[in-house]
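Here is the structure we will look at, set down as structure tokens.
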Amino acid sequence: MGEQTRIGKTDLYVNRIGLGANAVGGHNLFPHLNDDTGKEVVRTALAHGINFIDTAFIYGPERSEQLIGEVLKETGKRQDTVIATKAAHKFVDGKVEIDNSPAFLIESVHSSLKRLQTDYIDLFYIHFPDKTTPKDEAVGALQQLKAEGKIRAIGVSNFSIEQLTEANAKGQVDVLQSEYNLFRRGVEEAILPYTVERHISFVPYFPLASGLLGGRYTKDSTFEDGRSRNPLFQGEAYIRNLDKVEQLREIANGKQAEVAHVVLAWYLTRPSIDVLIPGAKRPEQVINNLKALDVQLTQEEIEKIDHIFRD
Ligand code: NAP
């Protein structure tokens, strides 16, 4: 078990490898998921010292939070676990809208509390920005929930640098979660420097590029979920991406580690990244990802990995 790390300026302390739980009950995201396997993924995580679980209303919808709530109840580990959840999706006449209004965020926190069977949420994120709500107002609602003890830390997700700056006008944003992995490095330009300067913890999502950086796919792999439309997985680009993954394998082999471990270890060398949330569909993947904590990269290796994925 790794040491506990503080998430930015919050009072939340976690193992640096957490669990991304969109495949726990996320039936709307992945076909053929099984709730029992999802619960076993969470149990396995908790049994192996993972104490940071990332979920959201929209995973299921609702089902991911419900399953996590059931496991926390059954294991009695609520107090030892840092739960992050998110909301912003609203179903209107069967269609999804994004809503950041204070009233909707407050209602969302109360519904998440019920599904998670708890009376506080450690980290609550606005999942996506809407087009109309001023971001300082949206965060103001979360500040109120924090003062009431309903949430312990404030997060935003998928915010642009402008939206983040507006949301953080009074320094109230604790965590930003956005897409970041070796293939997708857009946040490096303005967002990561801002998080460093303002002491906001950055949680990268899709750290394994939806499995592509897991090192197990070949040119013959086929995908039934969102990956079938993801540009990283298409045609020539996919073949080039697999070649980059092979270059990582050389580094991993030299350390008796796997590609996924080297990738996760690399993120942990980046400023403002305190904790990672690799997703897992099977309990073995949860255990496997923890091995990233044993990988030490030299400065030369850190730069080499950076270079492989630069263009
Ligand atoms: P990810 O972490 O990039 O990839 C996870 C996938 O990689 C797994 O489902 C598994 O897929 C494969 N994998 C896991 N461990 C592995 C290992 N040790 N070796 C090889 N392959 C391995 O993608 P993600 O799960 O979609 O994203 C992570 C988390 O980020 C989510 O669970 C969610 O909590 C969060 N997220 C947030 C947002 C947002 O808008 N804020 C958006 C997306 C995701 P296979 O078994 O299919 O190979």
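Note that ligands are numbered from 1 as they come in the structure, with each ligand's atoms numbered from 1 the same way.
By the criterion of a heavy-atom distance under 4.0 Å, neither the backbone nor the side chain of Glu258 is placed next to ligand 1. Here Asn158 has side-chain heavy atoms under 4.0 Å from ligand 1, and that is the only part of it that gets that close. Counting heavy atoms under 4.0 Å from ligand 1, residue Pro207 touches it through both backbone and side chain. Proximity of Arg227 to ligand 1, defined as any heavy-atom pair under 4.0 Å, is confined to the side chain (atoms from C-beta onward). For Asp54, heavy-atom contacts with ligand 1 shorter than 4.0 Å involve the backbone as well as the side chain. Only the side chain of Lys86 comes within contact range of ligand 1, with a heavy atom under 4.0 Å; no backbone atom does. When non-hydrogen atoms are compared, ligand 1 lies under 4.0 Å from the backbone of Ala21 (N, CA, C, O) but not from its side chain. With a 4.0 Å cut-off on non-hydrogen atoms, Ala23 does not touch ligand 1 at all.
For ligand 1, the atoms lying closer than 4.0 Å to a non-hydrogen atom of Arg282 are 46 (O). Of all the atoms in ligand 1, the ones that sit under 4.0 Å from a non-hydrogen atom of Gln177 are 35 (C), 36 (N), 37 (C), 38 (C), 39 (C), 41 (N). Every atom of ligand 1 is numbered from 1 in the order shown, and the set under 4.0 Å from a heavy atom of Arg216 is 19 (N), 20 (C), 21 (N). Those atoms of ligand 1 that come under 4.0 Å of a heavy atom in Ile277, given as number and element, are 28 (C), 29 (C), 30 (O), 35 (C). Of all the atoms in ligand 1, the ones that sit under 4.0 Å from a non-hydrogen atom of Phe128 are 40 (O). The distance from ligand 1 to the heavy atoms of Asn288 drops below 4.0 Å at these ligand atoms: 18 (N).
Protein heavy atom nearest atom 23 (O) of ligand 1, with residue, atom name and distance: Phe206 CD2, 3.6 Å.
For the pair Arg16 and Tyr267, the cation-pi test (distance below 6.0 Å, angle within 45°) is failed. Geometrically, Lys219 does not engage Tyr238 in a cation-pi contact defined by less than 6.0 Å to the ring centre and at most 45° from the axis.
Checked by distance only, ligand 1 and Ala260 stay at 3.5 Å or farther apart across all their nitrogen or oxygen atoms. The distance criterion of under 3.5 Å between nitrogen or oxygen atoms is not met by Thr55 with respect to ligand 1. Taking any N or O of Asn22, backbone or side chain, at least one lies under 3.5 Å from an N or O belonging to ligand 1. Geometrically, ligand 1 and Gly279 share a nitrogen or oxygen pair separated by less than 3.5 Å.
Between atom CG of residue Leu208 and atom CG of residue Leu276 there is a gap of 9.0 Å, rounded to the nearest 0.5 Å.
A donor-acceptor pair under 3.5 Å is absent between the side-chain atoms of Glu97 and the main chain of Lys90, judged by distance alone.
If you chain together hydrophobic residues whose side chains sit under 4.5 Å apart, Val156 and Ile83 fall into the same group. Taking hydrophobic clusters as Ile, Leu, Val, Met, Phe, Trp and Tyr residues chained together by side-chain heavy-atom distances below 4.5 Å, Ile154 does not share a cluster with Tyr125.
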Could you check Tyr194 against Thr165 for side chain to side chain contact (heavy atoms under 4.5 Å, CB included), going step by step and ending with a plain yes or no? CA-CA 9 Å; Tyr194 180 87; Thr165 306; 4.0 Å; yes
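Between Phe223 and ligand 1 there is no heavy-atom distance shorter than 4.0 Å. Ligand 1 lies out of reach of His261, whose nearest heavy atom is not under 4.0 Å from it.
The aromatic rings of Phe128 and His89 sit perpendicular, their planes meeting at an angle over 60°, well past the 30° parallel limit.
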